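Note that the structure is predicted; figures quoted are calculated from it, not measured.
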Amino acid sequence: MAKITKILSLILLFFIFTIFSSTPSNALGGKTQIKDVKTNKEIQDLGKYCVEEHNRSLQKKNNNGLLSFSQVVEAEKQVVSGIKYYLKISATTSSGAPKMFDAVLVVKAWEKKKQLLNFSPSPSPATK
């Protein structure tokens, strides 16, 4: 009986080791690229939410320069205490000029909460 228990323990350890050694590092807190961003309704809705929150904060400060959401063009996600999204958003300024913005937000679905952490103009490719 002890021999069977020992064998089962070794098999269990083998499976645990196999699972953790084959898990990609991005599943353990690293960023993961989101594919098909332009057709992903959830990601597009999150981008729209970011622009709306940005506009809401500008209105509180009596600031002009409200934006109109166009689309999310790139997105990454990271598992934290929730899911942290890194979005590159195309929006139109009040003067009609298209502009790119970087947004970071955390979604905690179990609490039905979203929090915009950062929303700022995206650096131009020449300055990266």
Side-chain angles (χ1 to χ4, degrees):
M1 185 68 158
K3 197 172 190 179
I4 292 175
T5 305
K6 198 174 201 180
I7 291 172
L8 289 175
S9 296
L10 288 172
I11 291 171
L12 180 62
L13 284 173
F14 173 76
F15 281 117
I16 290 172
F17 177 77
T18 303
I19 289 169
F20 283 108
S21 65
S22 65
T23 302
S25 63
N26 59 17
L28 302 173
K31 291 181 188 177
T32 312
Q33 191 74 29
I34 298 173
K35 297 179 182 178
D36 302 324
V37 172
K38 293 180 181 180
T39 58
N40 186 321
K41 182 176 174 3
E42 178 187 9
I43 296 301
Q44 294 301 319
D45 288 346
L46 289 174
K48 187 174 182 180
Y49 167 82
C50 291
V51 171
E52 289 169 351
E53 285 298 301
H54 170 73
N55 287 342
R56 201 168 295 137
S57 72
L58 286 178
Q59 288 172 332
K60 286 180 184 175
K61 299 174 189 173
N62 292 324
N63 234 344
N64 290 331
L66 299 181
L67 301 172
S68 295
F69 174 75
S70 296
Q71 68 178 341
V72 176
V73 295
E74 291 178 24
E76 292 179 306
K77 68 181 177 178
Q78 178 181 24
V79 177
V80 292
S81 61
I83 299 179
K84 187 182 247 185
Y85 290 93
Y86 300 84
L87 307 177
K88 185 169 293 290
I89 299 170
S90 174
T92 307
T93 63
S94 56
S95 65
K99 196 165 181 183
M100 298 298 279
F101 295 88
D102 292 322
V104 179
L105 75 149
V106 173
V107 176
K108 295 182 180 180
W110 66 95
E111 294 179 2
K112 297 182 181 173
K113 289 173 94 173
K114 292 182 249 183
Q115 181 183 9
L116 182 61
L117 303 177
N118 184 43
F119 189 91
S120 59
S122 190
S124 65
T127 59
K128 278 189 174 182

What distance do [X] atom [atom1] and [Y] atom [atom2] have between them, rounded to the nearest 0.5 Å?
X: S68; Y: N55; atom1: OG; atom2: CG; value: 7.5 Å
X: E42; Y: I83; atom1: CD; atom2: CD1; value: 7.5 Å
X: L58; Y: F119; atom1: CG; atom2: CZ; value: 9.0 Å
X: Q59; Y: H54; atom1: CD; atom2: NE2; value: 10.5 Å
X: I34; Y: I43; atom1: CD1; atom2: CD1; value: 3.5 Å
X: L87; Y: Q44; atom1: CG; atom2: CD; value: 9.0 Å

Would you say [X] and [Y] make side-chain contact, with heavy atoms under 4.5 Å?
X: P123; Y: D102; value: yes
X: S94; Y: L66; value: no
X: E74; Y: V37; value: no

Check: Honestly curious: do V107 and F69 fall in one hydrophobic cluster under the side-chain, below-4.5 Å linking rule?
Finding: yes
Note to self: Could you see if V51 belongs to whatever hydrophobic cluster contains L116? Use Ile, Leu, Val, Met, Phe, Trp, Tyr and a side-chain cutoff under 4.5 Å.
What the structure shows: yes
Please name all residues satisfying side-chain hydrogen bond (donor to acceptor under 3.5 Å, both in side chains) with [X], sequence neighbours left out, ordered by chain then number.
X: S57; result: none
X: D45; result: K41
X: S95; result: T93

Checklist line | Transitive ILVMFWY cluster of W110, excluding itself - 4.5 Å side-chain cut-off | finding: none
Can you name the side chain to side chain contact (heavy atoms under 4.5 Å, CB included) partners of [X], sequence neighbours left out?
X: E52; answer: K48, R56
X: P121; answer: K99, F101
X: Y49; answer: E53, L105, K114

Do you know which two heavy atoms are closest between [X] and [Y], and how far apart they sit?
X: S70; Y: A91; value: OG-CA, 3.8 Å
X: A75; Y: Q33; value: O-NE2, 3.5 Å
X: K88; Y: S122; value: NZ-OG, 2.6 Å

Next item on the list: Report the residues that fulfil salt bridge (charged side-chain N to carboxylate O under 4.0 Å, His left out) with K35, sequence neighbours left out, ordered by chain and then residue number.
Entry: none
Note to self: Which residues pass the salt bridge (charged side-chain N to carboxylate O under 4.0 Å, His left out) test with K112, not counting sequence neighbours?
What the structure shows: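 So K112 forms no salt bridge (charged side-chain N to carboxylate O under 4.0 Å, His left out) with any residue.
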Next item on the list: Return each pair, listed once, that meets ring pair (Phe, Tyr, Trp, His ring centres under 6.0 Å) where at least one residue sits in residues 76-97; pairs must be two or more places apart or across chains.
Entry: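 Ring pair (Phe, Tyr, Trp, His ring centres under 6.0 Å) check on residues 76-97 returns no pairs.
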